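Within every chain, numbering begins at 1; the chains are lettered A, B, ... in the order of the sequence lines, protein sequences first and strands thereafter. Quick caveat, the model's predicted, so the values are computed rather than measured.
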Amino acid sequence: KPRSCSVKCHNILQTSTVPKTTKYTYCRLDELKPQAVVNVYGVVLFFKQPYKTLGSDYCTFLKITDQSNSTISCNIFLPKLEDHPKIFKAGDIIRMHRVKVTPFNDSFNLVKSHGFSAVTFDGTEGEPVEPRTSNQNYHFEADDQRVVEELRAWSAQRVQLPAPASMTLSTVQPRAYFDLTCQLLAKAPVDSTCTMLRVWDGTRCPHTLLKVLVEPEATVGPTSFSPERERIIANVLIYDNHVEAAGQLQPGDFLRIYNLRAIQGSSRVPGPTGSQPAELDHLAFHLHGGTAYGRGIRVLPENSADVQELKRAIAAFMQEEEDAAMLDVWGTPPESMGEPITERTCRHDTNPVTLSEVQGSDHGQIHHVRVRVKSYQPQRLHQSLKLFCDKCSTMQDVPDEDQVSAVFAEACQDSEPCPAPVWALYGAVPLPSESEFPFLTYSFTSVMMSFLGAGLEQVTKLSSSYLNIVPVRSSGGQLAPLDLSAPVLFRGRRRFYGCKKCSNPAVREPNVEGVEVVSEKLVAEALGVELLRYGLLLRLELQDSSGSLDVLLWRDSELFFNVCAADAATNQESQNHIHHTMESLCPPEGSTARRPWLDVCLVSYEWHGLYTSW
DNA sequence: TTAGGGTTCG
C-alpha cells in the first residue's frame with residue numbers, strides 16, 4: 001500500500017495565511033513504474049559517499065530496500081557536496097522526493113530528478129527520529145516519524161545488514177579493511193596523488209604506526225605533537241580521487257573514513273624525493289583510489305552519537321595525558337595545580353579578521369580574531385555550570401542544594417521497608433556520627449551501595465567512605481531510584497545526574513561479568529539512566545575596532561579556563577580559578593582600553609536545544 | 001550527461 005504523510009505547504013503566491021495541507025504519497029519499491037517520478041522511503045543497504053564523475057556533478061550511489069523486500073539502486077547527481085544525502089552507515093533510513101524510475105539491468109534504477117530532496121535518519125530502533133538534511137525547507141511531520149519507526153522495526157527484524165566495519169585504532173588488525181571514526185589533527189600533501197591525514201580516535205594502537213616525512217611548510221595544522229601524542233596519531237595516506245575530498249577537510253573536523261586498509265610490513269611511502277626510509281613491520285593506513293566497497297571520506301556532524309563517543313575517548317586520553325604531565329612537572333596530582341596557562345593553540349592556519357568581517361561571513365567557518373572582552377554573562381559565575389545531555393542535546397542548570405535536599409526529604413517520608421531483590425543484600429553500616437544505618441548492597445561486590453531512606457546529609461557523609469552510592473527509595477513495595485532532580489550516583493565529592501527525557505530509571509541488577517572497576521557508566525546503564533555531562537557556558541561580548549559580537553564559550557570552555565567542569569561543581573579552587581580568569585579579562589572597574597587583548601579562534605555552527613536561565 | 005557496488009600502484 002502506498003504510504004502517505006500529511007504536509008503543510010505555505011503557498012507564498014496566495015495572500016491567505018491559512019496553511020494548505022498536501023498529502024505526499026510514497027511509492028513501495030515493488031510498485032515502481034518506468035519513467036514515473038516518485039517519492040520513496042527505504043533502508044540503505046549500501047552506499048558510496050559523493051564522488052566526482054566525469055560530468056560536472058558529484059554522484060551518491062546507494063541501494064535501498066523496504067517492506068516489499070525489493071532492492072533498488074539510486075544515482076543522485078548534484079553539483080554541490082552539501083546537498084547530497086547525509087548517509088553515515090548502512091541501515092540508515094532515507095526519504096527521497098522526486099526520483100525518476102529508469103529501467104536498468106532487468107530492474108529499475110532511481111535517478112534524482114528536478115526538485116529532488118533527500119532526508120536521512122538513523123536506522124536504529126529507539127534512537128530519536130532526527131532528520132538530517134542541508135535543505136532548510138524540508139517537511140517533516142508526525143506521519144514521517146511513524147514511517148521511520150515502522151521501517152526501523154521492520155529492518156531490525158528482516159534486513160540482513162553487512163557486519164559493521166567500524167574499528168578503532170586499538171582493535172584494528174593488519175590486512176583489515178575497516179571504517180575509522182576519528183578527528184583530523186593535521187594534513188599535508190605527500191605528492192600529487194597522495195595526501196597524508198594525521199588523525200586520532202583516542203585509542204592506542206598496539207602496533208607501531210607508520211611515520212611519514214612531509215614538508216613542514218605544506219602542513220595544515222601543527223607540524224609535530226608531544227611524543228606521547230605522536231604515539232596515538234595515525235598517518236592515513238589518501239590516494240587519487242580522494243585527494244580532492246581531503247583538500248576540503250579542516251583540522252579539528254570529525255571524520256569517518258570508509259574502507260580504510262591497514263597494511264603491516266615494509267611500507268614505502270611516496271614522497272618528495274623518494275627518500276622515505278622503508279619501515280619494517282609498521283602499520284600503515286591507505287585509502288586506495290576508486291570507490292569500490294564505499295571507499296570515501298565523510299565529515300560527521302558534531303552532534304552525532306559516534307562523534308560524542310569519539311570525543312569521550314579523546315577527552316579520556318587527554319585527561320590521562322594531563323594527569324601524567326602534572327605529576328611529571330609538579331610532582332603533585334592535578335587537583336593542586338594552580339599555575340595559570342595563558343596560551344592555548346588551535347590547529348587552524350587562518351589569518352586574523354575583524355568582528356564585522358565575521359558577522360558578514362557564511363556560517364560554518366573558522367575565524368581568528370583579536371579582541372577584548374567587553375562584558376560577560378552570567379555575572380554570577382556559578383550559573384555558568386550546566387548539565388548537558390549528549391543524547392537529546394538539552395541543557396539544564398545544576399540543581400541547588402535545597403532542591404536536592406527536598407527530593408531526599410520527600411523520599412525519606414514516602415519510603416517504607418520493602419523486600420530486597422534476590423541479587424541484593426541487606427545490612428547495616430556504622431555512621432560517623434550516628435549509630436548505624438540500614439543499607440542495601442549489590443551482592444556481586446561491596447563497592448556499590450544503595451541507602452534506603454537516607455537524607456542528603458547522611459549520604460554526603462557516607463560518600464567520603466564508600467566509592468559508589470546510589471540513593472534509592474521504596475515505591476509500591478519495590479526499590480526505585482529517586483526523582484532525577486537528585487543525583488543518581490554519589491562518587492566521592494562528585495555527583496552524577498541523569499537526563500529526565502532520555503532515562504527510564506529502575507533499580508536493576510547490573511551486568512558486571514568481567515568488570516574490574518564499577519564505573520559511573522556501568523551504574524547508569526544498570527539504572528537505565530542517560531548520564532548528564534557537566535559543562536561551562538558563558539556568553540562573552542567581544543569587541544574590536546570594527547564592532548562587537550556576542551559569542552558562546554561552551555565546547556572548549558574547560559580548555560579556556562583550564563579546569564574540569566565536573567570539578568568546578570565541587571571544588572572551590574576550580575571555582576576561584578574561573579573567577580580570577582574572568583576578572584583579569586574583564587575587570588569590574590576601569591576602562592575597556594586597559595583590558596588585555598585576546599587572540600581567539602571562533603567557529604559558528606548550528607546548535608539546537610540551547611537553554612540558559614541567565 | 002555523469003554512473004550503474006564487489007578491494008590495491010602506493
Side-chain angles (χ1 to χ4, degrees), chain A residues 32 34 42-65 71-81 83-85 87 89-90 99-114 116 160-163 165 167 172-180 188-197 210-214 235-244 246 257-279 282-297:
Chain A
L32 302 173
V43 177
V44 176
L45 294 174
F46 174 82
F47 64 100
K48 289 182 176 185
Q49 294 296 353
Y51 53 97
K52 199 90 179 160
T53 65
L54 290 175
S56 54
D57 293 333
Y58 290 93
C59 177
T60 291
F61 175 78
L62 63 150
K63 278 191 163 173
I64 57 170
T65 186
T71 301
I72 298 288
S73 58
C74 314
N75 291 95
I76 297 160
F77 298 100
L78 290 163
K80 284 194 203 154
L81 273 176
D83 292 338
H84 279 255
I87 305 168
K89 55 183 157 199
V99 281
K100 188 172 180 183
V101 182
T102 59
F104 179 71
N105 275 357
D106 300 332
S107 173
F108 294 115
N109 188 16
L110 300 175
V111 181
K112 169 242 134 187
S113 78
H114 187 68
F116 169 86
Q160 186 77 45
L161 291 172
M167 277 190 236
V172 69
Q173 294 298 315
R175 304 182 60 79
Y177 288 96
F178 68 108
D179 295 346
L180 179 66
V190 176
D191 65 18
S192 63
T193 64
C194 180
T195 289
M196 174 182 68
L197 300 183
L210 178 76
K211 290 177 197 69
V212 182
L213 298 175
V214 291
N235 296 315
V236 178
L237 295 167
I238 307 290
Y239 290 99
D240 302 340
N241 54 315
H242 307 297
V243 167
E244 193 208 324
I257 306 175
Y258 295 88
N259 198 238
L260 193 56
R261 181 89 206 264
I263 297 173
Q264 192 175 32
S266 168
S267 300
R268 265 207 287 137
V269 176
T273 57
S275 61
Q276 308 258 345
E279 294 188 285
H282 286 194
L283 201 60
F285 298 102
H286 298 260
L287 184 68
H288 292 299
T291 63
Y293 281 83
R295 278 199 296 261
I297 308 175

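Nucleotide dT2(B) holds its P atom 16 Å from the NE2 atom of H84(A), rounded to whole Å. For the pair I72(A) CD1 and dA3(B) C1', the computed distance is 16 Å after rounding to whole Å. Rounding to whole angstrom units, NE2 of residue H242(A) and P of dT7(B) are separated by 14 Å. Between H288(A) atom NE2 and dT8(B) atom C1' there is a gap of 4 Å when expressed in whole angstrom units. Regarding I76(A), its CD1 atom lies at a distance of 13 Å from the C1' atom of dG4(B), rounded to whole Å. Put simply, CD1 on I263(A) is 8 Å from P on dG10(B), counting in whole angstrom units. With rounding to whole Å, L62(A) atom CG is found 17 Å from dA3(B) atom P. Rounded to whole Å, the distance from CZ on F47(A) to C1' on dA3(B) is 17 Å.
At a threshold of 4.0 angstrom between heavy atoms, the contacts of G289(A) include nucleobase atoms, whether or not backbone atoms are also involved. Contacts of N105(A) with the nucleic acid, taken as non-hydrogen atoms under 4.0 Å apart, are absent. Within 4.0 Å (heavy atoms only), Y51(A) reaches sugar-phosphate atoms of the nucleic acid but no base atom.
The side chain of T53(A) has dT2(B) as its nearest neighbour among dG4(B), dT2(B), dG10(B). The side chain of D57(A) lies closest to dT2(B) when the candidates are dG4(B), dT2(B), dG10(B). When the nucleotides dG6(B), dG10(B), dG4(B) are ranked by their closest atom to the side chain of Y293(A), dG6(B) comes out on top. Distance from the side chain of N109(A) is smallest to dG4(B) among dG4(B), dT7(B), dG10(B). Taking every side-chain heavy atom of H286(A) into account, dG10(B) is the closest of dG10(B), dG5(B), dT1(B). Distance from the side chain of K63(A) is smallest to dG6(B) among dG6(B), dG4(B), dT1(B).
Residue K48(A) places no side-chain atom within donor-acceptor reach of the base of dG5(B), judged by atom type and a 3.5 Å distance cut-off alone. Applying the 3.5 Å distance criterion, the base of dT8(B) shares a donor-acceptor pair with the side chain of R261(A).
The side-chain contact (heavy atoms from CB on, under 4.5 Å) test applied to Y177(A) returns N259(A), R261(A), not counting sequence neighbours. The ring pair (Phe, Tyr, Trp, His ring centres under 6.0 Å) search around H84(A) returns none, not counting sequence neighbours.
Judged purely by distance below 3.5 Å, without hydrogens or angles, the side chains of D191(A) and T193(A) pair a donor atom with an acceptor atom.
The residue among P103(A) and L287(A) whose nearest nucleotide of DNA chain B lies closer to the 5′ end is P103(A). Sequence order on DNA chain B of the closest nucleotides to L45(A) and Y58(A) puts Y58(A) first from the 5' end.
The aromatic ring of F77(A) sits over the base of dT2(B), with ring centres less than 5.5 Å apart and planes inclined by under 30°. Residue F46(A) and nucleotide dG5(B) are classified as a stacked aromatic pair, their ring centres being separated by less than 5.5 Å at an interplanar angle below 30°. In this pair, Y177(A) lays its aromatic ring flat on the base of dT7(B), centres within 5.5 Å and planes under 30 degrees apart.
C59(A) and N75(A) get closest at one heavy-atom pair: SG-ND2, 3.6 Å.
In this structure, dG5(B) shows a glycosidic angle more than 90 degrees from zero, which is the anti conformation.
dT8(B) and dG4(B) have their C1' atoms separated by 22 Å, with the value rounded to a whole Å.
At least one donor-acceptor pair closer than 3.5 Å links the side chain of H242(A) to the backbone N or O of H288(A).
Aromatic pair F47(A)/Y258(A): centroids less than 6.0 angstrom apart.
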